[in-house]
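Here the structure comes first, spelled out in C-alpha cells, and everything after it is commentary.
Reckoned from all heavy atoms, side chains included, excluding hydrogens, waters and symmetry mates. For ligands, and for the atoms within them, numbers begin at 1 and follow the listed sequence. All values derive from a computational prediction rather than experimental measurement.
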Amino acid sequence: MNSEIRNIKQIKDDRGRLFAIEAGKDTPFEIKRVYCLFDLNSSPRGFHAHKKLKQLMICIKGSVEVILDDGINAKNIVRLDSPETALFIKPGLWREMHNFSTDCIILVFASEHYDDDDYIRSYSDFLIWKKG
Ligand code: TYD
C-alpha cells in the first residue's frame, strides 16, 4: 500500500503542546501547499485519486476514518484521531474520508500547488489509469 503512518514528535510542557513539521524532514517532499479541513459534518469527502500529488495528513483535533484503495489488491481503513500520528499518502491511491467527529480538524501538507488536472474523480477512470 502506498501510504504509511508516521509519528509526529510532540513537545509538551506545563503550558501545553506543540509539534512542528519541517519540509523534507517530516515530509518526504518539499511542501508547496498547506490546507485545512474544518467545520465538517457527516458528509464524506475525497472520492478521488491524485496522479502526482503526495500528501501528509494530520488530524489535529477529533477523528476521521480514511479509506485508501490502490485499485489493485489493497483497501485500508485508517483511523486518525491524534496529532501524534500523520498519514503519508503517495500518489495513485483512491481516498475517501468518512465519519468525521464534529470537532474534527485536518491539516494537510501537499507536494504541489492546487491542480485540478492532477485529480481523478471517477473510480472507473481510476481503475483504467492504474492499469495503464
Ligand atoms: P476537494 O479536493 O475536492 O475536497 P475533498 O477531497 O476534501 O472532498 O476540494 C474541494 C474544493 O476546494 C474544490 O472546488 C477545489 C478546492 N480546493 C482548492 O481550491 N485548493 C485546494 O488546495 C484544495 C485542496 C481544494
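Few gaps surround OH on Y35; more than 12 heavy atoms of other groups in view lie less than 6.0 Å from it.
Short contacts between ligand 1 and R45, defined as distances under 4.0 Å to a heavy atom of the residue, involve ligand atoms 4 (O), 5 (P), 7 (O), 8 (O). Residue contact check: R121 has heavy atoms under 4.0 Å from atoms 3 (O) of ligand 1. Those atoms of ligand 1 that come under 4.0 Å of a heavy atom in R33, given as number and element, are 21 (C), 22 (O), 23 (C), 24 (C). Numbered from 1 in the order shown, with element, the atoms of ligand 1 that lie under 4.0 Å from a heavy atom of G46 read 5 (P), 6 (O), 8 (O). Near H48, meaning under 4.0 Å from one of its heavy atoms, ligand 1 places the atoms 2 (O), 6 (O).
Within the structure, the closest approach of R95 to ligand 1 does not fall below 4.0 Å when heavy atoms are considered.
At the shortest separation from atom 13 (C) of ligand 1 among protein heavy atoms lies Y114 OH, 4.2 Å.
Shown here, atom 4 (O) of ligand 1 is in close reach of the protein: a heavy atom of it lies under 4.0 Å off. Counting only heavy atoms, the protein never gets under 4.0 Å from atom 11 (C) of ligand 1. Within a 4.0 Å radius of atom 20 (N) of ligand 1, the protein contributes at least one heavy atom.
Salt-bridge check for K32 with E30: failed, with every basic side-chain N at 4.0 Å or more from each acidic carboxylate O. R17 and E84 are joined by a salt bridge, as a carboxylate oxygen and a charged side-chain nitrogen come within less than 4.0 angstrom of each other.
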- Query: What do the steps show when you test Y114 against Y119 for ring pair (Phe, Tyr, Trp, His ring centres under 6.0 Å), and what is the final call?
  - Reply: CA-CA 10 Å; Y114 178 76; Y119 281 70; 5.7 Å; yes
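Residues F88 and F109 place their aromatic rings such that the two centres sit no closer than 6.0 Å. Taking the six-membered ring wherever Trp is involved, the centroid distance between the rings of H48 and Y123 does not fall below 6.0 Å.
Judged by distance alone, with hydrogens and angles left aside, the side-chain atoms of K130 form a donor-acceptor pair with the main-chain N or O of G92 at under 3.5 Å.
When heavy-atom distances to ligand 1 are checked against a 4.0 Å cut-off, Y119 comes that close only through its side chain, counted from C-beta outward.
Smallest separation of non-hydrogen atoms from I72 and D70: N-OD1, 2.8 Å.
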